[in-house]
Each structure stands twice: as C-alpha cells, then as structure tokens.
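Residue numbers count from 1 along this sequence. Read the numbers this way: they start at 1 and go in the same order the structure lists the ligands and their atoms.
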Amino acid sequence: MCGIVAYIGPREAYPILIKGLKRLEYRGYDSAGVALLNGDLNIYKKKGKVSDLEEATKGKDTHSHLGMGHTRWATHGEPNDKNSHPHVSQSGDIAIIHNGIIENYGTLKEELINRGHEFKSDTDTEVLVHLIEDVQQNTGVALDEAVRLALQEVVGAYAIVIISKNDPTKMIGARKGSPMVVGIGEDGEYFIASDATPIIEYTKNVTYLNDGEIAFIKDGKLSVKTINNVEKTPYIETLEMNLEAIEKGGYEHFMLKEIHEQPRSIYDSLRGRFNPNTGSFAMRSLKEYEGKIKNLNRIIIVGCGTSWHAGLVGEYLFEDIARIPVEVEYASEFRYRNPVINEDDLVIAISQSGETADTLAAIELAKEKGATIFGLCNVVGSSIPRASHAGAYTHAGPEIGVASTKAFTAQVSILTLWAYGFAEIRGKATKEQLRNAFAEMETIPDKVKKALECEAQVIEIARTFSEVHNALYLGRGYGFPVALEGALKLKEISYIHAEGYPAAEMKHGPIALIDENMPVVVIATKGNIYEKVISNIQEVKARKGKIIAIVTEGDTKVRAMADYTIEIPETSEFLEPLVSTIPLQLLSYHVAVNRGCNVDQPRNLAKSVTVE
Ligand code: F6R
C-alpha cells in the first residue's frame, strides 16, 4: 500500500531513490514519483511502474543530495500522473509523500478551499501538505512545528516524508498506523523508508518509528518527538537482513525463488525452538505465558488471505493436538461484528507483513476486551508484533513476490510448534509424543525439497491447463485449507477463477460446474480420509472432470483414476500442509508464466494491505 523512500546526505539521492522504489514496488505499482531538492524542487512523477518514471526522467536534472520517492497503490483518486506523489503545497515550496489514508481529508479540504487553497489532484495526501503550509503561514512557526500541529488535526493513517525548498538541509518523517524506518548511515546521511529493503545496502543501523512519532533530520542529526511534543530517544538497532535475501538470485521471479527457498525458510523458522532429544521447547511465548495457556478457554485466530488459510491449518492443529477450541476469523469481519471475547481468550494474529490494517484493528479490538494477543509475523519490527503481548517471528526472510508462499509454510511451522507447546502445558502431550513429533518435524525441510522435484512434471501439467477459465481445488481435513490456498494462488497470479472446497461439499453445489473442461485439483494423500477423497474423485470422474491429484509417494489407487498425479513424500497428517502446498504453488506459478502474467506484481494487488 504505497512505498516511500527518502535520502539526505553526501551521496546522489536519485539513484538511491530509484533503487529503493524498485525494492518497494511490491507495495504498489500504480504510479511512481520523486522530489529532488537542489535549489529548486524538481518533481518527476508518472503513472505506471518505477521503470516508466526512470524513462520519463531521462535527460532531466536529477542532481540532488536531498530527495524522496513514492510508489503508489491508489486509494483516493485514480492512478494517473496528477494523482501520483509527491504532492506540493500551495506555494509549491513544500513537498510530501504519503502512505496511508487521511480519513478527514474532505472536511480539511473544504476549509482550505475556503481559505483560498487550490488543489491539483484528487488525493487525500495533497490536503495534508496544504494544511502544513497553511499552519506555517497562519502561525509563523518553523516547518517542524507546522508539521506537528498539522498532524494533530489529521484523522487516519500515515507514514509521510516532508521536504521544503526553504529548509534545504532538513527532512521530516512521521508515522501513525503505517510503517516507517529511519536508517542511520555514514557521514551524517539518513534514509527513511517503508521497510528496510531500500536501506540495507547502505547501512544496518536503523530505528523504527512508533505510532505518533515524528523524526526530524537536520544538519546530520536525528531527533524524535511525539505529535504531543514529547522528546524521545530513538532506539537504534542492527538489521539482520542481508542483501542477497532481497535479490532474485538468478531466478526469473521472486515468487519462484521464494517457493524454492522453503526447505531453508521452514528450517530457519523451526531452528532452535525445540530440542528433539529432550522434547523441550525454547519459545519465549510458551515460557512467559505458560499460566495463561494453561487456563485459556479458547483460541481465536485472525488473519487475511493466505495468513487466514494458515490460521485454518492452525485450527486443525490446536484442536487435534492440544484439544483447545479454536475459531478462525477473517480479521476484516471480526473487527466489525461485535464478537464475544474476554480475558480467557487468546487471539493469534497472523500476518506476513505485520502491517495488515484489518488484522491490526482486530488486535486492538481484542485487546480492549481483555484478550491476550500472540502475533505471528514475518517482518521484524512491524506494527502487529509491536501491538501484540507476545508471539513469534517466522524467520522466512523477506517475501517480495506479492503472492505469499514461504510465509505460509513458515506460519504453519510455528503454529505446529505452538500446538504441541500448548498441548504439553495443558497435559495433552507426553515428552515421548513431543520427541516423536520433533523428530518428524526435522524431516520436513528435506521432504519439501523432495516435493520441489515435481516441478518438471508441474510444468507439463501447467501447459495443458493454462487456457482454462475455471478450476476447482478439493481437499478434506488438513487438505482443505491447502485446497483454499492453492485456489487463491492460482486466481491471484493467473487471473483464472478458482474455488477451494471441502471435497465432500462439492456435491452440495459446485458439482454442477463439472464438465470435461473443468480441472479439479485434489489433495488425495494417504491419511484418515483417503478413502472418502477417493469417492469424491470418482464423483468428479463420472462427470468427466479432469483430475490433478496430489498423492503420497507410491500411491497406485488414485493414480489409476486421476488424469495427472503428483507425488509428495509421506508425512504425518498434521505436517502434510507443509508439503502438499508445494506442488500447488508451483502449478499456479507456471500457469501464470504461461499466460504471460506479471507473477511478482499481479494486477490490483499489493503486498502490504495497510488500508481497510
Ligand atoms: C496471498 C496474499 C494475501 C495476503 C494477505 C494478508 O498470496 O499474499 O492474501 O496473505 O493480504 O497479508 P499479511 O499476511 O501480510 O497480513
């Protein structure tokens, strides 16, 4: 939902901004723009990708040591040049970039129009920069103070950067509800960005702004204060991310790289968190919240999209293994439906980005009602872990492809650990059971590696199905959330309509869709309900549907019925989603590539959904 990057210091700003915007493009790619201060304020902005902006600035004056850039995911105002950021104040002296939504922009705009302001765009953002100049002119205060006072009038979410022609050694950043990190480089240089990816190449020293804080960078010094004028000491931390993690590393797309990274990302997510010899855990969330876990009545899992699917796997795991009742809720529904929730509930909020606005709002609601919150996130320092009482990071490494892949398997890995941890605390799992479970979990990275070997076969299957208009994904038990996830992957990156269904539900409606043109992907691995799934496959075959079955290595029964079978290594049922999801990710990827789709940046989507 919009990416922002800014630089002040001895280097040329423009190349840093362009490179940074390319790294942030996963957040939105409707338009891109830069503002470069060099005596004058040069603003270049363009509908489309960062590469379009680069093209448009060819031969133009881009020399500057203070500048900022923006890549947009449109909310207010259609994607076009005029609505692209940066926006400028009435005089044209102050420029702003913004990620978020100014909710009361309508009223503010009306007041400003009455005071003679003229607006050039349809955006909420332009209102804020006019307001800042208006405050400055009416009160005579310095830019710092004008920004602070203007922000007091704003309702909504923002991460903004402000620069002014009249203050050429100053850069101001502020955040509320949208992420912002400040990088502290060499020789008094500073960076501001939506996440650390544009910064990592230059410095590992960063500070994450808290909600309601403003960073003032002037003459090589950083100071932070709140909107209410309280001075803060910035907490400087060292980034653990490395540059390779955010580059394609020889793969054609980030999504493919991330699919192939899963043996490692699952390993990293599990590493050091359990001891297979003793059957013990090393997770702070389990240790510090042992009493709470022992006595809780219910777990509510909230998330959106793929994270919600991981939550569904979590429901099966917690109920199966720890015997705790679980509800899984779309964060966007939960927050608006007056849920019954109290201090005996534990809410697990799952989010790759840690910034999803609906999930964040669901946490706030649950906190108000006294629930304990565990955050399960991938992006270190993001808003959801900060808003949670405890939790765990998934350690999947940066996920840049818009379609979530390695984050899903990392989330499911941690949920599995928690389910066992909760089970032990509540007397539902013995050390022996834990040792066995851990031993099996340790084999998962290798099994995922083996599952990835199906790629050549998947490429063949993808060739056959690339032109279809619809697809059905079926699964039962642990296979059901995997079917949902497989369908989501296909629709979001290939734009083929796909539905995930519990296999037995098919006969209550979707079976009407089946004919010889309908590919039906079935999770038909060996387990408790294998025979039942076979019956469902027969129902599809009787109606001439085309079956693509994910089966356990060595399976012959399903092979005899299905049009295509993809084998995965045998695994306990509770760990199967980690393996069976792999061929589905590959299938959606290769179908999308065959259709010429932009896999890493599918239309209309953004990686981090910071608006509701
Ligand atoms: C699907 C996808 C989205 C996200 C959803 C939640 O591939 O990427 O459905 O899963 O927007 O995002 P996070 O996990 O960042 O809260």
Steps toward side chain to side chain contact (heavy atoms under 4.5 Å, CB included) verdict (Phe574, Thr416): CA-CA 8 Å; Phe574 71 93; Thr416 313; 3.9 Å; yes
Nearest protein heavy-atom contact for atom 6 (C) of ligand 1: which residue, which atom, what distance? Cys304 O, 3.3 Å
Is Asp268 paired with Arg271 through a side-chain N to carboxylate O contact shorter than 4.0 Å? yes
Aromatic rings His395 and Tyr393: how do their planes relate, parallel, tilted or perpendicular, breaks at 30° and 60°? parallel
Below 4.0 angstrom from a heavy atom of Ser307, which ligand 1 atoms are there? Numbered from 1 as shown, please. 10 (O), 13 (P), 14 (O)
Going by the angle between their ring planes, with limits at 30° and 60°, are Phe374 and Tyr289 parallel, tilted or perpendicular? perpendicular
N/O separation below 3.5 Å, Gly305 to ligand 1: no
Look only at interatomic distance and state if Thr356 has a nitrogen or oxygen under 3.5 Å from any nitrogen or oxygen of ligand 1. yes
Protein residue, atom and distance nearest to atom 11 (O) of ligand 1, heavy-atom basis: Val609 CG2, 4.0 Å
Residues Glu343 and Lys292 bridged, charged N to O under 4.0 Å: no
Among His309, Gln585, Met255, Glu492, which one has a heavy atom closest to atom 7 (O) of ligand 1? Glu492
Just checking, Arg72 and Tyr29: is the charged tip under 6.0 Å from the six-membered ring centre and within 45° of the axis? no
If we number the atoms of ligand 1 from 1 as shown, the ones under 4.0 Å from a heavy atom of Ser351 are 13 (P), 14 (O), 15 (O), 16 (O)
Which residue supplies the protein heavy atom nearest to atom 15 (O) of ligand 1, what is that atom called, and how far is it? Ser353 OG, 2.6 Å
Going by heavy atoms, is Val402 under 4.0 Å from ligand 1? yes
Measure the distance from atom 3 (C) of ligand 1 to every protein heavy atom, then report the residue, atom name and distance (to 0.1 Å) of the closest one. Thr306 N, 4.1 Å
Distance check, rounded to the nearest 0.5 Å: Cys2 atom SG versus Leu24 atom CG? 10.5 Å
What are the atoms of ligand 1, with element, lying closer than 4.0 Å to any heavy atom of Gln352? 13 (P), 14 (O), 15 (O), 16 (O)
Which of the ligand 1 atoms, numbered from 1, are nearer than 4.0 Å to a heavy atom of Lys489: 1 (C), 7 (O)
Side chain, backbone, both or neither: Glu355 near ligand 1, heavy atoms under 4.0 Å: neither
Show, in sequence, the C-alpha distance, side-chain angles and deciding distance for Lys22 and Leu17, and conclude whether the side chain to side chain contact (heavy atoms under 4.5 Å, CB included) test is met. CA-CA 9 Å; Lys22 285 186 177 160; Leu17 301 181; over 6 Å; no
What atoms of ligand 1 come within less than 4.0 Å of a heavy atom belonging to Ala403? 7 (O)
Do Tyr478 and Asp320 pass the side chain to side chain contact (heavy atoms under 4.5 Å, CB included) test, and can you show the C-alpha distance, the side-chain angles, and the key distance before you say yes or no? CA-CA 11 Å; Tyr478 286 96; Asp320 227 4; 2.7 Å; yes
